[in-house]
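Down below is the structure, laid out as structure tokens.
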Amino acid sequence: MFVLVLVVPALLVVVLGYVVGYALWEWAGGGALLTPEVPGWTAGLVLLAVVLRIAVRRLRRR
């Protein structure tokens, strides 16, 4: 049960980043070399890393 408490919010953050990255890539015109999934997943994982870094900093301050 404890694993779900951590995994579900992380998955939601990755999906949110994926949607934003995918939409921005499509809006910008995309490219011939990359499908929109690559920037989408990259944006999702970067957003997850940023959120984790902020969370770790806040926990260390306490």
Side-chain angles (χ1 to χ4, degrees):
M1 191 63 151
F2 178 72
V3 173
L4 288 177
V5 172
L6 296 175
V7 171
V8 170
L11 182 61
L12 290 174
V13 168
V14 171
V15 169
L16 176 68
Y18 175 84
V19 168
V20 170
Y22 190 102
L24 286 175
W25 187 258
E26 284 291 316
W27 177 76
L33 298 177
L34 293 176
T35 61
E37 286 84 11
V38 174
W41 283 113
T42 304
L45 294 175
V46 167
L47 181 61
L48 179 64
V50 168
V51 169
L52 285 175
R53 185 170 184 152
I54 291 170
V56 167
R57 282 186 179 180
R58 286 190 177 190
L59 287 174
R60 286 186 181 172
R61 286 185 183 179
R62 290 185 181 182

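Nothing here was measured: the structure is a model prediction, and the numbers come from that model.
- Residues passing the ring-ring contact (aromatic ring centres under 6.0 Å, His included) test with Tyr18, sequence neighbours excluded: Tyr22, Trp41.
- Among residues two or more places apart in sequence or in another chain, the side-chain contact (heavy atoms from CB on, under 4.5 Å) test is passed with Val19 by Val15.
- Looking at residues two or more places apart in sequence or on another chain, you find a side-chain contact (heavy atoms from CB on, under 4.5 Å) between Leu47 and Val13, Leu16, Val51.
- Each side-chain hydrogen bond (donor to acceptor under 3.5 Å, both in side chains) pair with one or both residues in residues 51-62, not counting sequence neighbours, would appear here, but there are none.
- Residues in residues 23-40 take part in these side-chain hydrogen bond (donor to acceptor under 3.5 Å, both in side chains) pairs, two or more places apart or across chains: Thr35-Glu37.
- The two residues Ala43 and Gly21 have their closest heavy-atom pair at CB-CA, 3.8 Å.
- Through chains of ILVMFWY side-chain contacts below 4.5 Å, Val7 is grouped with Val3.
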